[in-house]
Amino acid sequence: MDTIETILKTAAGRADEAEVYLSRSESVGAELSRDRVRVGQANHATGLGIRVFIDGRVGASSTNDPLKWEACLEAALAALRLADPQPWEGLPGPIALPGTPLAFDPAVTLAPSTVAELLDAMKAGAASHPSASVTAGSAGLSRSTVEVANTHGLRYTDEETHASCSVEAIAGTSTGFEFASSHALDLDPAWVGERAAFFAAHGAGGKPLPTGTYDLVLSPLALAELLEAVLMPALVGRNVHAGRSRLAGRVGETILDPRLSLYDDPHRPMGPGAAWFDAEGVPTHRLDLVRDGVLAGFAYDLRTAYRYGAVTTGSAVRGGYGGAPTTGFHTLVLEGPVADVMADEAIYVRSVVGAHTANTITGDFSVEVSNPSFVEGGAFTTPVRTAMWGGNVFDLLSQVEGVSAETRKIGELILPALRIQGQRLVG
Amino acid sequence: MQRYFDVRHVAGESTNIDIDNGVVESATTSLFDRAVVRVLGPSGWGVVSVDNYRDADLDRFVAEALALAELTGETVDLADAPHRVLPLPSPTDDPRSYGLEEKTRLLAGVEAAAKGPEVRNTRAVYTERHETVRFASSEGVEYAYELGRSGYNVLAVAERNGVVQMGYERRHAINGFPLRSGAACGEKARETALALLDARAAIGGRMRVVLDPELAGVFAHEAVGHASEGDLVREGNSVLAGKVGERIGAPGLSIVDDPSLPEFGFDPVDAEGVATARTELVRNGVINAFLHTRETLAAVGNGMAGHARAMPGEVPLVRMSNTFIENGDATYDECLAECGTGILLIGSRGGQVDPGRGMFQFNAEYGYLIEDGEPGAMVRDVSLSGEILGTLHEVALIANDRRMHQGYCGKGGQSVPVGDGAPHVLLSDAVVGGSGHD
């Protein structure tokens, strides 16, 4: 009997139901200091999470030493005794799921030589803008295995690979950074290096911006920063029912520009959070959140769904093995009216400084724009020195002029660039 | 062949209690055990992070790290630095002497205190963490210590006529148990949320600003602290690089980082065995020193090692600990009077900085318009941004009422506990951001 079976068998005698989550990961990476490798790294990680259930009470604990599973189980049972009972209708049983992992590329091996090649290619890309120099960078490769099992006989395994690289550059006091992250070994490190150096080089000698109203083009990165701070939490069922979401009670209403749609697409191969099952072993499926501007629904894990009389949307996620699963998203896709967003003059917002200080409930934010520049005719024109931007995430998503055809993966999101009108910038 | 190696092993337990709208969602204790083994090869570092470290495996991890060091081309040297472990602050109130049930009951009291008319959601979260840190190096330095941190935060969300606002309070301590007297924080969160229902959105622009001690502490952290980190200076990614000895602000302005101070960012010894001590980043308006590890001190100079910090199993980085503006000789009332017309900013919702570009941004929890030297109408969603090299010259008055606040600071994927603090400070010209319109 392996550890998971032993834990479940023991826990079954002490609780109505139990769940075990076991993760193992191995990674290798390296970091640049200026243009030289300063550190080579490896990481060997293990995590065990246990949840137990009795009469609607749930207790959880975790450890990174699977040999300490008995102490972990006792801690979970102690936690259970303090938790308030809530409506609970049970963990899922097993169903047949496709065996092919959605986020695994056998080409991702933990070879230090591959890490070195990624770093070299980034540096070569950055060299195409000689006025900028690399200040820091990193590359990494990882392989991980996740197992979810419960006392209903469910036991799923998923394997995942990951490759990433990033670089920072500077020209005078103009900084630039770029990154790429994928489950497959399909990164374009030369592009990453070139873009970081371009933003650094282009921003040098930025001109002061008169305070006023401008059209903006938000890069996918800037858009992701604002959506992660405000819109994504507002679509989580627990926040909605707890009174922490501005979208509570508005299903069926138009909340965004009627040409925008937002959905979670967990089965998209190599999607950021691609998986056949969620962190509680619930099968995943496409989840429409906003359809043609109309709020279509919210994301639920099992616990929130049972409590509020909803149905789980297979949206349980874990940040790691620790604690309990929370509600989140797998591969969130935003689609809108495709246009040539950089054709007419606008200020390009590469990223924003301080998105995490936004008011998560109202959506109001006030941020500093990174790498601001005028764009026109599809090209970057005059760089701008500083621009502070105050606005509201919900309002700006109701004033969309168009989105780019090209998209990119940022975190759990797949996003286009987005053009909006009439935003006030303080120069 | 290796020139140096060390191992830092951290084991312990963490407790988390979450009460949401009166429901105990979780009251969990978890165990952790992680180590990081660093080896200095002929050029740079090889580093192995591992769960469930056993001393018997050290040779194997040293060999693995040495092989990884072959990837490096940067020549890393370590400056000599004094080794010392400070005595731990004596526990005022040990959280481990209270059971999980008692903590849950106390937290429920904090959460209940945040409830009231027009409050539609309350949530309180307690966190407690005990770490046993063991360190050994090839230079024969060895130490072990145990340190606990605990604290809580409470959120109140109020709604009236479709307007939703929130109030948020938090208290954390080393070797103490602030939860025991937490009910006042719940009430404060409720009062702030209710007051903000009537506040207007701030209108952005350039103006005179008075920062309260919490926000002025964040200002010191974001505007000066990060750009003083030796690794950023070495990489050429700080506007303060090469500027030691230059004037950055008025005489009387001193900004300090001090991990030896028994505040929330306290370290009895740093993450590479070096004695912790006070570093004056800015002394009387002049850039004085940077924050360093042994490596960045050797590469950059100007300052002291002893500022290496790390999460369990992670690589030590140059980090701030307790960062603060020293008291001046003005009073809070003098700051308001001298401001005349402007804005008073209170509390912090966090901040961020681009040290290479020299731009920082941070958000207040709320503010008050100042007219004729008196705080008046309340405003919400207000931020402040500026350029590191220009803004400190705008510090016109520094009061004598410094207070420290507790928070967490992120860098390189690692979050560490920090204390930030300052007295009230008047800025004569600052860029204030808000979503309001004339």
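No experiment lies behind these values; they were computed from the predicted model shown. Every chain is numbered from 1 and lettered A, B, ... according to where its sequence line falls, protein lines coming before strand lines.
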Which bit of [X] is near chain A, if near means a heavy-atom gap under 4.5 Å: side chain, backbone, both or neither?
X	value
B:D33	both
B:V432	backbone
B:V157	side chain
B:N16	neither
B:V76	side chain
B:E159	neither
B:D231	neither
B:R234	both
B:V164	both
B:V382	neither
B:S43	neither
B:L232	neither
B:E295	side chain
B:A27	both

What part of [X] is in contact with chain B, defined as an atom under 4.5 angstrom from a non-hydrogen atom: side chain, backbone, both or neither?
X	result
A:T360	both
A:A358	backbone
A:T213	neither
A:A242	both

How far does [atom1] of [X] sit from [atom2] of [Y], to the nearest 0.5 angstrom?
X	Y	atom1	atom2	answer
A:S113	B:L71	OG	CG	8.5 Å
B:E25	A:R307	CD	CZ	4.0 Å
B:N52	A:N64	CG	CG	5.0 Å
B:Q361	A:S370	CD	OG	10.0 Å
A:D84	B:I19	CG	CD1	8.0 Å

[Y] and [X], any side-chain heavy atoms less than 4.5 Å apart:
X	Y	answer
A:R38	B:E235	no
A:D65	B:D51	no
B:M359	A:R385	no
A:L82	B:L100	yes
A:E368	B:F362	no

* Asked: For B:R349, does its backbone N or O pair with a side-chain atom of A:H356 as donor and acceptor, under 3.5 Å?
  -> no
* Just by modelled atom types, is the B:G350 backbone N or O under 3.5 Å from a matching donor or acceptor in the A:T357 side chain? -> no
Between [options], the one whose heavy-atom pairs under 4.5 Å with chain B are most numerous:
options	value
A:R81, A:Q86, A:R238	A:R238
A:L32, A:N392, A:T386, A:T211	A:T386
A:A76, A:A79, A:G243	A:G243
A:I170, A:N359, A:V426, A:V367	A:N359
A:T135, A:T63, A:V58, A:T362	A:T135
A:E168, A:R303, A:R246	A:R303

* Does B:D20 come within less than 4.0 Å of A:R244, counting only side-chain N to carboxylate O? -> yes
* Step-by-step salt bridge (charged side-chain N to carboxylate O under 4.0 Å, His left out) determination, A:R36 to B:E74 -> CA-CA 5 Å; A:R36 279 193 286 215; B:E74 170 85 355; 3.2 Å; yes
